[in-house]
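Per chain, numbering begins at 1; letters A, B, ... match sequence-line order.
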Number of protein chains: 2
Amino acid sequence: MKHSSSVPAFLTKLWTLVEDADTSELICWSQEGNSFLVLDEQRFAKEILPKFFKHNNMASFIRQLNMYGFRKVMQIDTGMVKQERDGPVEFQHPYFKHGQDDLLENIKRKVSNSRPEDSKLRQEDLTKILATVQSVHSKQESIDARLATLKRENEGLWREISDLRQKHSHQQQLIKKLIQFIVTLVQNNRILNLKRKRPILMNSNGKKPKYIHPVYDDKVCVPPECV
Amino acid sequence: MKHSSSVPAFLTKLWTLVEDADTSELICWSQEGNSFLVLDEQRFAKEILPKFFKHNNMASFIRQLNMYGFRKVMQIDTGMVKQERDGPVEFQHPYFKHGQDDLLENIKRKVSNSRPEDSKLRQEDLTKILATVQSVHSKQESIDARLATLKRENEGLWREISDLRQKHSHQQQLIKKLIQFIVTLVQNNRILNLKRKRPILMNSNGKKPKYIHPVYDDKVCVPPECV
DNA sequence: GGTTCTAGAACC
DNA sequence: GGTTCTAGAACC
């Protein structure tokens with residue numbers, strides 16, 4: 001009958017109480033041995049409880065039972081008129097069984113759940129979540145603004161590029177015309193110079209002068225990577 | 001002694017119970033009349049309660065008292081040894097006073113707080129918050145990506161503009177040189193033509209030909225809004 | 001971990 | 001709104 005020292009006092013006292021034949025008229029095992037009965041609540045509270053605990057209140061006894069996971073067994077309501085004004089009170093726990101005191105150590109007192117901590121943690125969590133949401137929200141607004149700025153800048157850049165390309169194209173045409181004009185001019189000069197033997201534009205080998213060359217060189221005027 | 005119909009049955013029954021001289025040995029007003037005493041808890045529960053309520057449990061009675069805001073009055077522990085094993089039970093409510101039944105209507109049953117709803121609402125709130133956070137988060141990622149794309153595009157555009165401006169500048173220089181060349185050419189021709197009286201480049205009024213005009217017209221080649 | 005007062009929750 | 005069982009919280 002020695003219980004492990006890990007079994008709380010309440011459980012060993014309860015076990016003793018239920019086992020004790022001297023008090024079996026007030027508290028005892030049920031027929032099946034898987035629950036116990038308090039036969040006279042009032043006498044049990046006033047006569048038995050103070051012998052084992054620091055009080056004589058049924059409420060305190062029941063509070064402890066619930067604290068250890070005991071459940072009240074509801075009395076099956078037989079169709080009969082309520083014969084006894086106060087039926088026995090019956091409590092049950094899966095590890096509180098007649099003849100199996102080795103199971104007692106499996107009964108655990110419900111942790112006080114560190115309720116204050118728990119409550120604080122939930123509050124802190126909520127506070128953190130709210131702070132995060134607000135932070136993310138303001139960040140998003142800032143990014144939105146930056147995005148709008150970039151978008152406007154981008155549009156401006158596209159317009160400028162379009163402009164520049166157009167200008168480039170116009171310049172190309174102009175350069176082409178200028179060169180055509182020069183060619184015409186030179187041809188005319190050539191005709192004239194046929195008599196004078198004094199060429200103006202052409203080199204001695206008859207090719208175009210060097211500084212005009214880039215005009216027709218696409219690699220210089222319109223690099224592929226920019227088209 | 002008729003109470004407003006808005007006063008719950010429990011309060012009128014309790015008032016009657018405490019007033020009734022027939023039960024004054026079990027329940028009565030305190031000396032000061034601002035609280036009531038249950039002198040013998042056990043007899044009160046078994047003999048009086050069932051006459052007024054559907055039970056004979058002190059616990060149920062106390063639950064109702066607490067539900068209506070009554071508070072237990074702790075017995076001042078006089079230095080004496082506990083004379084009576086069970087002192088009287090005393091309860092008090094600011095609106096439950098001897099001779100002032102008109103105050104009863106101020107006593108309100110604590111609302112069941114719509115606990116299931118409340119619990120559900122908190123859960124729903126948390127779920128909503130989480131959904132919002134996730135939505136905002138994914139949105140943020142999408143915007144981040146778009147921002148990066150725009151930024152890259154922007155850099156590309158700046159490079160292209162730089163290129164185009166450089167090209168434009170080169171073309172301008174080329175055009176300038178071409179025109180200088182033409183001017184030189186024309187001057188040479190002019191000298192030659194002084195003898196022939198046959199101008200090639202100049203119009204009859206001595207101005208530059210029309211199709212060259214744009215070359216020096218900044219409004220056409222380099223619109224101010226693009227510089 | 002034990003005791004007490006009060007409240008939550010389910011069911012009626 | 002009433003009754004019952006169980007749990008929270010404070011205090012010891």
Side chain of Ala9(A): nearest nucleotide among dG2(D), dT6(C), dG2(C)?
-> dG2(C)
Provide, to the nearest angstrom, the distance between the CZ atom belonging to Phe61(B) and the C1' atom belonging to dG2(D).
-> 13 Å
In whole angstrom, what separates Met67(A)'s CE from dG8(D)'s C1'?
-> 9 Å
Hits for side chain to side chain contact (heavy atoms under 4.5 Å, CB included) against His93(A), two or more places apart or cross-chain, chain-then-number order -> Phe70(A), Tyr95(A), Phe96(A), Ile107(A)
In whole angstroms, how far is the C1' atom of dT4(D) from the CD atom of Gln64(B)?
-> 11 Å
Straight-line distance of Leu147(B) CG to Leu150(B) CG, nearest 0.5 Å = 7.0 Å
Mind checking side chain to side chain contact (heavy atoms under 4.5 Å, CB included) for Glu47(B) and listing every partner two or more places apart, or none if nothing turns up?
-> Leu26(B), Arg43(B)
Ignoring backbone atoms, test whether Lys72(B) places a side-chain nitrogen or oxygen under 4.0 Å from the OP1 or OP2 oxygen of dC5(C).
-> yes
Specify the separation, in whole Å, of atom CG of Asn66(A) and atom P of dA10(C).
-> 16 Å
Nearest whole angstrom, please: distance from the P of dT4(D) to the CZ of Arg63(A).
-> 19 Å
Rounded interatomic separation in angstrom, taking CZ from Phe52(A) and P from dG2(C) = 15 Å
Writing each nucleotide of DNA chain D 5' to 3' as (, ), [, ], | or . by Watson-Crick or G-U pairing under 3.5 Å yields ||||||||||||
Which nucleotide in the set dT3(C), dT4(D), dG1(D) lies at the smallest distance from any side-chain heavy atom of Phe53(A)?
-> dT3(C)
Under the side-chain hydrogen bond (donor to acceptor under 3.5 Å, both in side chains) rule, collect the residues that match up with Gln42(B), sequence neighbours excluded.
-> none
Which of Phe10(B), Trp29(B), Phe52(B) passes ring pair (Phe, Tyr, Trp, His ring centres under 6.0 Å) with Trp15(B)? It is Trp29(B)
Hits for side chain to side chain contact (heavy atoms under 4.5 Å, CB included) against Gln92(A), two or more places apart or cross-chain, chain-then-number order -> Ser35(A), Arg71(A), Val73(A), Pro94(A)
Among all residues two or more places apart in sequence or in another chain, which pass the side chain to side chain contact (heavy atoms under 4.5 Å, CB included) test with Ser60(B)?
-> His55(B), Asn57(B)
What's the CE-C1' distance between Met74(B) and dT3(C), to the nearest Å?
-> 10 Å
Find the distance Tyr68(A):OH to dG1(C):P and express it as a whole number of Å.
-> 6 Å
